[in-house]
Number of protein chains: 2
Amino acid sequence: MLKLTRKLEYALIALRHMQTKGKLLSTTKEISDIYAIPQELLAKTLQQMARLEYIDAVQGPHGGYRIHSTMLEISLTKFIEDLEGPMGMVDCSVTSDCIQLNNCNIRQPINRINDNIRSIFSRINLSDITH
Amino acid sequence: MLKLTRKLEYALIALRHMQTKGKLLSTTKEISDIYAIPQELLAKTLQQMARLEYIDAVQGPHGGYRIHSTMLEISLTKFIEDLEGPMGMVDCSVTSDCIQLNNCNIRQPINRINDNIRSIFSRINLSDITH
DNA sequence: TTATACCCGACTATAATAGTCGTATATAGT
DNA sequence: ACTATATACGACTATTATAGTCGGGTATAA
Ligand code: SF4
Ligand code: SF4
């Protein structure tokens with residue numbers, strides 16, 4: 001119920017770590033060691049963030065990642081959905097293939113709550129979490 | 001991410017349905033038919049809610065369930081946790097066996113957000129959803 | 001040319017959720 | 001008493017989502 005995935009936590013931990021290092025590069029191994037994160041899993045996540053341009057990748061020896069400057073202004077909503085796909089409290093706030101959809105008596109009230117949560121997450125910036 | 005379980009949805013649908021019927025009884029079959037909910041699953045959920053005294057059960061033919069009056073003042077937080085156990089965005093807001101716990105750099109900011117969400121859910125009453 | 005570190009997709013394992021089944025108990029109506 | 005209806009309950013299976021692993025690749029500094 002209402003849980004962040006492990007992947008998102010790892011991503012945030014990594015981002016915050018990189019943030020503290022400014023323009024210096026951080027390697028996957030370095031981060032996975034410090035925070036006891038499975039290296040291969042973190043690697044995939046960092047690669048995904050590189051693709052999304054949340055971070056910049058530098059290949060080769062002495063390579064690594066550093067935070068991409070514009071990342072700071074990203075909302076938590078966008079971050080979560082970029083990494084994990086659409087988020088919503090119920091199916092019908094994302095797709096429209098719920099069997100109950102037509103005669104559902106809680107759709108509206110639930111989606112009102114969903115919008116609330118969403119707008120809270122939208123007002124939170126990644127930089128609020130990573131400092 | 002951030003999803004209500006199906007069980008909770010079914011529970012809310014059922015509660016709202018019962019709410020509209022006032023003191024009249026509703027049977028599992030009636031509700032599962034109207035909203036296309038798997039009957040056995042709904043049955044279990046209604047039984048659980050009866051145990052929790054969210055609803056009153058009347059056994060035998062012409063039996064069924066009706067809403068328990070005090071239910072109206074229950075918060076969404078309590079409701080969710082009564083039915084599904086403790087809720088939290090991250091493990092450490094519930095237990096303390098996370099490997100990262102000691103050197104985790106996002107624990108505080110995340111738990112601050114978690115507290116926000118929690119307090120929103122606490123201010124929402126079940127009656128806000130079921131009318 | 002070698003070692004380091006990113007890149008990528010496919011794979012497996014584990015855990016959470018969703019749904020089913022069998023059996024028992026209560027009770028109204030006959 | 002008997003029967004039909006409806007709740008009670010636990011164990012079971014199925015399905016899906018999350019978590020984690022593996023194998024083979026590319027870029028590049030030394
Ligand atoms: S239509 Fe109702 S049951 Fe279906 S996803 Fe929306 S809220 Fe849930
Ligand atoms: S300690 Fe950090 S990694 Fe562990 S659950 Fe809390 S926030 Fe997540």
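Below, chain A is the first sequence line, B the second, and so on; all start at residue 1.
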Out of C:dA18, C:dG22, C:dC6, minimum distance to the side chain of B:Arg6 belongs to C:dA18

For B:Gln39, look at atom CD and say whether over 12 heavy atoms of other residues, nucleotides or ligands are found less than 6.0 Å away.
-> yes

For B:Val58, the other hydrophobic cluster members (4.5 Å side-chain criterion, sorted by chain and number) are B:Leu25

Within the pair A:Thr28 and C:dC6, is there a side-chain N or O less than 4.0 Å away from OP1 or OP2?
-> yes

Rounded to the Å, how far apart are A:Glu40 CD and C:dA10 P?
-> 16 Å

Write down the distance between CD1 (B:Ile37) and C1' (C:dT20), rounded to a whole number of angstrom.
-> 16 Å

Is there a side-chain polar atom (N or O) of B:Tyr10 under 4.0 Å from OP1 or OP2 of C:dT17?
-> no

Within this structure, what is the CE-to-P distance between B:Met87 and C:dA16, rounded to whole angstrom?
-> 17 Å

Describe the nucleic acid contact of A:Lys44 in one word from base, sugar-phosphate, nothing, applying a heavy-atom distance below 4.0 Å.
-> base

Between atom CD1 in B:Ile80 and atom P in C:dA16, what is the gap in whole Å?
-> 18 Å

A:Tyr54 and A:Phe79: aromatic ring centres closer than 6.0 Å?
-> yes

Check every nucleotide of DNA chain D for an atom under 4.0 Å from a heavy-atom of chain B, then give the first and the last such nucleotide from 5' to 3'.
-> D:dA4 to D:dT18

Is it the case that B:Thr77 and B:Ser122 place a side-chain donor and acceptor less than 3.5 Å from each other?
-> yes

May I have the step-by-step check of side-chain contact (heavy atoms from CB on, under 4.5 Å) for A:Gln100 and B:Ile37, ending in yes or no?
-> CA-CA 8 Å; A:Gln100 282 84 12; B:Ile37 300 171; 3.9 Å; yes

Given the rule that I, L, V, M, F, W and Y join up when any side-chain heavy atoms are under 4.5 Å apart, are B:Ile120 and A:Val90 in one cluster?
-> yes

Value in whole Å for how far the P atom of C:dT12 lies from CG of A:Leu41 = 18 Å

Is there a donor-acceptor contact under 3.5 Å from the side chain of B:Glu53 to the main chain of B:His68?
-> no

Nearest heavy-atom contact between B:Arg16 and A:Asn105 is NH1-O, 2.7 Å

Length of the line joining B:Gln47:CD and C:dG22:P, which is rounded to integer Å | 17 Å

Write down the distance between CG (B:Leu83) and P (C:dA16), rounded to a whole number of angstrom.
-> 18 Å

Distance below 4.0 Å between A:Arg51 side-chain N/O and C:dC6 OP1 or OP2 | no

In whole angstrom, give the distance that lies between atom CD of A:Gln48 and atom C1' of C:dC6.
-> 15 Å

Hey, is NZ on A:Lys21 packed in by over 12 heavy atoms from elsewhere, all under 6.0 Å?
-> yes

Extract from the structure each pairing of a protein N or O with an N or O of nucleotides 23-30 of chain C at less than 3.5 Å, listing the distance.
from   : atom 1 : to      : atom 2 : distance (Å)
C:dA26 : O4'    : B:Gln59 : OE1    : 2.7

